[in-house]
**Student:** 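This is the structure, below, for whatever I ask next.
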Amino acid sequence: MKTSAFHLATLREVPADAEVVSHQLMLRTGMIRKLTSGIYTWTPLGLKVLRRVEQVVREEMDASGCLELLMPSVQPSELWKETDRWDTFGPLLLKMTDRAGREYAFGPTHEEVITEFARAELRSYKQLPICFYQVQTKFRDEIRPRFGVMRAREFLMKDGYSFHMDEADLDAFYQVMYRTYSRIFERLGLTFKAVTADSGNIGGATSHEFHVLADSGEDVIAHVEGGAYAANVERAEALCDDQRAAPSEELRIVDTPNARTIDDLVEQFEVPIEKTVKTLVVEAAEDQDFDLVALLVRGDHELNAVKAEKLPQVASPLVMADEAAIRSAIGAGPGSLGPVGLPIPVVADRTVAAMSDFSAGANEDGKHHFGINWQRDVALPDVADLRNVRAGDPAPDGSGTLSLIRGIEVGHIFQLGTKYSEAMNAVVMDENGRGQHPWMGCYGIGVSRIVAAAIEQNHDDRGIIWPEPLAPFTVAILPLNHQKSARVKEFADALYQALTSAGVEVLMDDRPLRPGVMFGDVELLGIPHTLVIGDKGLDAGIVEYRRRGGEGGEVKLDEVEAFALKLAGKG
RNA sequence: CGGGGUGUAGCGCAGCCUGGUAGCGCAACUGCUUUGGGAGCAGUAGGUCGCAGGUUCGAAUCCUGCCGCCCCGACCA
């Protein structure tokens, strides 16, 4: 491709509404243009990268025996009502109405459609196992789209769905998909990590997320370096020592008029923070016969909302109680709460349950208890894992200590079980002629998000540094001053012809621009290999080679073609 | 949805407070010069000042309403 025939639309200035570097670079390179909030056009340049991701995904899915199909993005409400998700999926579901008043959703995911397809197509155990996938535009009406294509409302996703006669077969195939996903991210040249995950509202039990590691990632992953354990902090656990020391202090009540927070308490009364307990009051689930629940975590620990929401007593989504509600139920403000004499149900974090001689609010404004001990002073309440793990905590499998890293979720695989096949009554005949609900797995990859994630992981202050498998062009040819120098033009044209006809993706900058502009654009675009052709080099019998993000060199004129073919893997 | 901000040329911004009919940089177009790190000179083109009302002799500027977009919180590939 010659730049004169391409739509190259690079920007020197950073658009004001781009926060993260991938969004900035995608706009500056001209890969995407925003149409409206969370909705983007992929330009010819951006589409080249997107297609590269798709290509790798397709090849690996196909290699694992999956079959590509294409389902509609517009889906009738009836299907969603069968699984109840028409009402429960929430505001992310974009609903619309046709001229006859029929309701539809623009598909945010395709469990309903694939299950409808399966119940019509799959009759016999002989057809199973089978896995269908598609690469398709999804729409989720995100409450707050941001970071460009990273959290867009409209996005491109690969979603796959497998069907099995029993759980063991699903589990075996799930392992195949796990390996397939690992291969995909390896081939894309990305540094990634697979972690055990929360399955969210898709449903199902076992689930793993695949994260591209980047400091700007929205997710936090707890893992053991070099070890086996890795989990999203949403569900990561730490090993908990449940041995409780015997009481050694008397329970006493102390005036603490100026201590409204744990930090105040620690500072003013010289108690170790590990000997304090925070009492957080949240709203109870609707089906409970009480309104509020108190959750206890150690003073230096943080409540994990995902874990808390899973408690049957607690409302989901988690809502912190407001001060007025707390006062009317307990008679004290949020800064003075504690387990002793608390008139509402209590759930303690495992760590808290193992504490002794600790301090907490006395449920009376301006007073705290010190020297609290379970059983002696107050009955041990329900116990659960409620806190976020921290760096340095022991891993639950005993394989070492946890460290925290940030990642961008680009893939998620689930074992759905029979949730959808039962809800929609998909049935296949087993060997005995009996109808069975097939076991399902579901496997997603955020294709468009991967493009942004790859940039987050691979850039410098000059622009993108594409992993070679993702690069829109493999080789750039910069014929300096070609508009004046016939021999530069001639040499460059010949090289361009040779590489192009060998199937190399070449971008030749044939614009009559100054060298600085050409260099700047090639670096911004992140093209892995650049060949600089100029009069100076031709005089010296060489072409300059530059490797984006690496070491360059000089190549003799008569070796340039072979050199470039080798770089592009066509040698 | 709650809180905050913002809307002026393709992009980045000034002008608004204190009303007088719109400007700067980059990008674009033409010509000449320049040519190994984002050139110089000369010229050209481009704006319903988000939309609708209102106040006023006169509104980008003041008032009211609406809309878009961005940021902070809950969701997710």
Side-chain angles (χ1 to χ4, degrees), chain A residues 9-20 23-24 27-28 30 33-39 53 57 89-93 108-110 135-160 181 197-202 209-212 218-219 232 234 305-306 309 316-320 408-414 442-453 462-463 478-485 488 511-524 530 532-540 543-544 546:
Chain A
T10 54
L11 302 174
R12 198 188 301 188
E13 290 177 272
V14 184
D17 56 5
E19 277 257 304
V20 294
H23 188 196
Q24 292 172 355
L27 290 169
R28 286 189 56 208
R33 294 292 183 226
K34 183 171 73 181
L35 181 60
T36 186
S37 180
I39 300 181
V53 178
V57 169
F89 202 87
L92 292 188
L93 188 63
T109 179
H110 279 69
V135 177
Q136 218 235 20
T137 297
K138 304 279 196 254
F139 193 96
R140 294 184 190 172
D141 197 359
E142 291 283 344
I143 300 165
R144 189 147 91 85
R146 62 185 129 170
F147 305 150
V149 118
M150 192 104 92
R151 183 194 291 283
R153 294 196 291 172
E154 188 179 290
F155 59 99
L156 194 65
M157 177 168 161
K158 185 285 295 178
D159 50 326
Y181 271 43
D198 187 75
S199 53
N201 69 356
I202 307 282
E209 291 169 352
F210 290 76
H211 288 260
V212 167
E218 288 188 272
D219 285 286
N232 195 309
E234 286 176 354
V306 174
E309 282 169 6
S316 176
L318 188 74
V319 183
M320 300 302 291
I408 300 163
E409 185 187 354
V410 292
H412 202 158
I413 59 178
F414 306 80
C442 156
Y443 318 95
I445 287 184
V447 174
S448 45
R449 180 180 278 184
I450 283 175
V451 176
R462 294 184 171 188
L478 302 187
L480 304 185
N481 200 26
H482 65 272
Q483 63 273 34
K484 284 286 169 61
S485 171
V488 166
R511 297 172 298 179
L513 295 176
R514 303 175 68 82
V517 183
M518 291 186 177
F519 290 135
D521 270 353
V522 155
E523 284 160 351
L524 178 63
T530 299
V532 186
I533 298 160
D535 282 311
K536 270 185 359 196
L538 294 181
D539 285 340
V543 162
E544 183 188 340
R546 296 186 176 199

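Here the structure is a predicted model, which means the values were calculated and not measured.
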**Student:** Quantified in whole Å, what is the C1' atom distance between nucleotide B:rC62 and nucleotide B:rU56?
**Tutor:**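 The answer is 10 Å between these two C1' atoms.
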**Student:** Please tabulate, one pair per line, each protein N/O and nucleotide N/O from nucleotides 69-74 of chain B that are separated by under 3.5 Å, including the distance.
**Tutor:**
residue, atom, partner, partner atom, Å
B:rC69, OP1, A:T36, OG1, 2.5
B:rC69, OP1, A:S37, N, 3.1
B:rC69, O3', A:K34, NZ, 2.9
B:rC70, OP1, A:K34, NZ, 3.4
B:rC70, OP2, A:S37, OG, 3.0
B:rC72, OP2, A:R144, NH1, 2.8
B:rC72, OP2, A:R144, NH2, 2.3
B:rC72, O5', A:R144, NH2, 3.3

**Student:** If every non-hydrogen atom of A:R28 is compared with every non-hydrogen atom of A:P15, which pair is closest and at what distance?
**Tutor:**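 Closest pair (atom of A:R28, atom of A:P15, distance): CG-CD, 4.2 Å.
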**Student:** Identify, between A:V532 and A:E142, the residue whose nearest nucleotide on RNA chain B lies closer to the 5' end.
**Tutor:**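 Taking each residue's closest nucleotide, the earlier one in sequence belongs to A:V532.
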**Student:** Quick one: closest heavy-atom pair of A:S448 and A:V149, and the distance?
**Tutor:**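 Shortest heavy-atom contact: O-CG1, 3.3 Å.
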**Student:** Given the C1' atoms of B:rU6 and B:rC16, what is the spacing between them in whole Å?
**Tutor:**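 Between the two C1' atoms, the distance is 14 Å.
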**Student:** Under 3.5 Å, is there an N or O donor on one side and an acceptor on the other linking the side chain of A:R151 and the base of B:rC75?
**Tutor:**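 Answer yes: a donor N or O sits under 3.5 Å from an acceptor.
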**Student:** Say we look at B:rA60 and B:rC49: how far apart would their C1' atoms be, to the nearest angstrom?
**Tutor:**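 Result for the C1' pair: 5 Å, nearest Å.
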**Student:** In whole angstroms, how far is the P atom of B:rA77 from the CG atom of A:D141?
**Tutor:**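 Rounded to whole Å, this separation is 16 Å.
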**Student:** Which part of the nucleic acid, if any, lies within contact of A:E523, taking any heavy atom under 4.0 Å across all strands shown: a base, the sugar-phosphate backbone alone, or nothing?
**Tutor:**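 If one applies the 4.0 Å heavy-atom cut-off, A:E523 turns out to touch a base.
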**Student:** Are A:D535 and A:K484 close enough, and set up right, to give a salt bridge (charged side-chain N to carboxylate O under 4.0 Å, His left out), and what steps lead you there?
**Tutor:** CA-CA 10 Å; A:D535 282 311; A:K484 284 286 169 61; over 6 Å; no
**Student:** Could you check whether the rings of A:Y181 and A:F210 sit parallel, tilted or perpendicular, using 30° and 60° as the cut-offs?
**Tutor:**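 If you compare the ring of A:Y181 with that of A:F210, the planes turn out tilted.
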**Student:** Atom CZ of A:F89 to atom C1' of B:rC75: distance rounded to whole Å?
**Tutor:**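 Distance, rounded to whole Å: 10 Å.
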**Student:** Over all strands shown, is A:R462 touching base, sugar-phosphate only, or nothing at heavy-atom distances under 4.0 angstrom?
**Tutor:**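 Touches a base.
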**Student:** Taking the same atom, C1', in B:rC11 and in B:rG46, what whole-Å distance lies between them?
**Tutor:**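 Result for the C1' pair: 14 Å, nearest Å.
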**Student:** May I ask which nucleotide in the shown strands pairs with B:rC32, Watson-Crick or G-U wobble, both distances under 3.5 Å?
**Tutor:**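 Paired with B:rC32, as far as the under-3.5 Å criterion goes, is B:rG40.
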**Student:** For A:L513 and B:rU34, what is the distance between atoms CG and P respectively, to the nearest whole Å?
**Tutor:**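 Taking atom P of B:rU34 as the reference, CG of A:L513 is at 17 Å.
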**Student:** Send over the distance from A:R28 CZ to B:rG38 C1', rounded to a whole Å.
**Tutor:**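 Nearest whole value for this atom pair: 10 Å.
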**Student:** Taking the same atom, P, in B:rC51 and in B:rC57, what whole-Å distance lies between them?
**Tutor:**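 Here B:rC51 and B:rC57 have their P atoms 24 Å from each other.
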**Student:** Are any non-hydrogen side-chain atoms of A:I408 and A:E218 less than 4.5 angstrom apart?
**Tutor:**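 Not in contact.
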**Student:** Would you indicate whether the side-chain heavy atoms of A:I450 and A:I445 approach each other to under 4.5 Å?
**Tutor:**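 Yes - at least one pair of side-chain heavy atoms lies under 4.5 Å apart.
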**Student:** Find out whether A:F519 and A:L478 are in side-chain contact, i.e. whether some heavy atom of one side chain is under 4.5 Å from a heavy atom of the other.
**Tutor:**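 The answer is yes; the side chains approach within 4.5 Å.
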**Student:** Whole Å only: how far is the CD atom of A:Q483 from the P atom of B:rU33?
**Tutor:**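 From A:Q483 CD to B:rU33 P: 13 Å.
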**Student:** How close or far is atom P of B:rC76 from atom CG of A:N232, stated in whole angstroms?
**Tutor:**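 Atom CG in A:N232 sits about 11 Å away from atom P in B:rC76.
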**Student:** Do the side-chain N or O atoms of A:R12 get closer than 4.0 angstrom to the phosphate oxygens (OP1, OP2) of B:rA27?
**Tutor:**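 So the side chain of A:R12 is within the cut-off, an N or O lying under 4.0 Å from OP1 or OP2 of B:rA27.
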**Student:** Determine the interatomic distance between P on B:rC71 and the same-named atom on B:rC13; round to the nearest Å.
**Tutor:**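 Approximately 14 Å lies between the P atom of B:rC71 and that of B:rC13.
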**Student:** Could you check how far CG of A:L480 sits from P of B:rA39, rounded to whole Å?
**Tutor:**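 It is 14 Å, rounded to the nearest whole Å.
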**Student:** Find which nucleotide of RNA chain B each of A:F210 and A:V14 is nearest to by heavy atoms, and output the residue with the more 5' nucleotide.
**Tutor:**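 Closest to the 5' end, via its nearest nucleotide, is A:V14.
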**Student:** Tell me: CE of A:M157 to C1' of B:rA77, nearest whole Å?
**Tutor:**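 Rounding to the nearest Å, CE of A:M157 and C1' of B:rA77 are 5 Å apart.
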**Student:** How would you label the contact of A:V410 with the nucleic acid (heavy atoms, under 4.0 Å): base, sugar-phosphate, or nothing?
**Tutor:**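 The residue A:V410 makes sugar-phosphate contact but no base contact.
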**Student:** Distance check, C1' atoms only: B:rA22 and B:rU64, in whole angstrom units.
**Tutor:**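 Between the two C1' atoms, the distance is 25 Å.
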**Student:** If you check every side-chain atom of A:R514, which of B:rG12, B:rU35, B:rA77 has the closest atom?
**Tutor:**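 Among B:rG12, B:rU35, B:rA77, the one nearest the side chain of A:R514 is B:rU35.
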**Student:** Report which part of the nucleic acid A:D521 touches: base, sugar-phosphate, or nothing (heavy-atom distance under 4.0 Å, all strands).
**Tutor:**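 Touches a base.
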**Student:** Please classify the nucleic acid contact of A:G444 as base, sugar-phosphate, or nothing, using heavy-atom distances under 4.0 Å.
**Tutor:**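 The residue A:G444 makes no contact with any strand.
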**Student:** Quick one: are A:D159 and A:K138 in side-chain contact, heavy atoms under 4.5 Å?
**Tutor:**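 A side-chain contact under 4.5 Å exists here.
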**Student:** Looking across every strand, which nucleic acid part, if any, lies under 4.0 Å from A:L11 by heavy atom: base, sugar-phosphate, or nothing?
**Tutor:**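 Result for A:L11 = nothing.
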**Student:** Indicate, with a heavy-atom threshold strictly under 4.0 Å, whether A:G90 touches base, sugar-phosphate, or nothing.
**Tutor:**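 The residue A:G90 makes no contact with any strand.
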**Student:** For A:R146, is there an ion pair with A:E19 - N to carboxylate O distance below 4.0 angstrom?
**Tutor:**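 Judged by the 4.0 Å cut-off on N to carboxylate O distance, A:E19 and A:R146 do not form a salt bridge.
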**Student:** When both hydrogen-bonding distances must be under 3.5 Å and the geometry is Watson-Crick or G-U wobble, what is B:rG53 paired with, if anything?
**Tutor:**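 Pair assignment: B:rG53 / B:rC63.
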**Student:** Evaluate whether the aromatic ring of A:F519 and the six-membered ring of the B:rG38 base sit under 5.5 Å apart, centre to centre, with an inclination under 30°.
**Tutor:**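 Taking the rule of under 5.5 Å and under 30°, the ring of A:F519 does not stack on B:rG38.
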**Student:** Who is the Watson-Crick or G-U wobble partner of B:rC76, with both distances under 3.5 Å?
**Tutor:**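 The answer is none; no pair meets the criterion.
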**Student:** Report the base-pairing partner of B:rU6 (Watson-Crick or G-U wobble, both distances below 3.5 angstrom), or none.
**Tutor:**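 Matched B:rU6 with B:rG68 under the 3.5 Å cut-off.
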**Student:** Hunt down the Watson-Crick or G-U wobble partner of B:rG25, both distances under 3.5 Å, from any strand shown, or write none.
**Tutor:**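 Check on B:rG25: paired to B:rC11, both distances under 3.5 Å.
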**Student:** Determine the interatomic distance between P on B:rG53 and the same-named atom on B:rC17; round to the nearest Å.
**Tutor:**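 It comes out at 23 Å once rounded to the nearest Å.
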**Student:** Under a 4.0 Å threshold between the charged nitrogen and the carboxylate oxygen, would A:D17 count as salt-bridged to A:K34?
**Tutor:**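 Looking at A:K34 and A:D17, the cut-off is met.
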